[in-house]
Amino acid sequence: MPFTSPSRGDVHINAPLTNVSIAFFQQSTNFVASRVFPNIPVSKQSDAYFTYDRGAFNRDEMQERLPGTETAGGSYTIGKDTYYAKVRGIHKDIPDQVRANADSPIQLDREATEFVTHKGLINREVIWASNFFISGAPGDVWTFVLAGAGTRSGTVDPTDGGNNEIVYWNNAESTPIEDVRLMKRFVLESTGFQPNILTLGRATYDVVVDHPDIVGRLDRGQ
């Protein structure tokens, strides 16, 4: 059999690189559920917790007191609610034969851990978004319109005679800064607490950062 000059395929057998491995994982900053609603550790799967009447703590009930008379009395009620922590899970099988036969740089145990952890993050995000990041959620009292929101005057509470129309923020004539300030004031006056976290979908965020009002405030480093 005649000999021929060796080709590249004859002198080298392809082998996995040992210093690089490529995997596709979303960045942890993409997940917002735990930042909006922090985790609360519990020792039991189901239990009860106490609730307090928010209105009782925000009413002005102090009265003028005459000499020798008792001060006005105040009180609040304590309620009770319950929770049940559902167990959810996912696994990735790693047969012993496959683990023993894996070449470097494959690390099956580490990869499986990252895989199921990532699935857990995705599932928590989906559950949170489907329950809270939706139209019609509790406290959703404003309506977005294409144009013509008009001047918001009178009460800040749109459920009590105020104007509840807000122009879509992709309209250059809209006022996202004033709108957010209005919503913060509404929550503050309704609850006594000022919200400090704003959660936006990516499409909305991309529109807001390019809005003329936002750009105008950042322009030239002002």
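In this chain, numbering begins with 1 at the start of the sequence shown.
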Connected to Tyr52, directly or through other members, by ILVMFWY side-chain contacts below 4.5 Å are Phe50, Phe57, Tyr76, Ile78
Give the table of side-chain donor-acceptor pairs shorter than 3.5 Å for residues 59-75, with sequence neighbours excluded, one pair per line with atom names and distance.
from  : atom 1 : to    : atom 2 : distance (Å)
Arg65 : NE     : Thr69 : O      : 2.7
Arg65 : NH2    : Thr69 : O      : 3.3
Thr69 : OG1    : Leu66 : N      : 3.1
Thr69 : OG1    : Leu66 : O      : 2.5

Would you say Ile94 and Asp109 make side-chain contact, with heavy atoms under 4.5 Å? yes
* Asked: Is the closest side-chain heavy-atom distance between Ile214 and Trp169 below 4.5 Å?
  -> no
Any donor-acceptor pair under 3.5 Å from [X] side chain to [Y] backbone:
X: Thr191; Y: Phe193; result: yes
X: Gln45; Y: Tyr84; result: no
X: His211; Y: Ser174; result: yes

Those residues at least two apart in sequence (or on a different chain) that pass side-chain hydrogen bond (donor to acceptor under 3.5 Å, both in side chains) with Asp47 are none
Please name all residues satisfying ring-ring contact (aromatic ring centres under 6.0 Å, His included) with [X], sequence neighbours left out, ordered by chain then number.
X: Phe115; result: none
X: Tyr83; result: none
X: Tyr205; result: none

Before giving the answer on salt bridge (charged side-chain N to carboxylate O under 4.0 Å, His left out), spell out for Arg217 and Asp213 the whole-Å C-alpha distance, their side-chain angles and the decisive distance to 0.1 Å.
-> CA-CA 6 Å; Arg217 297 213 175 189; Asp213 287 2; over 6 Å; no
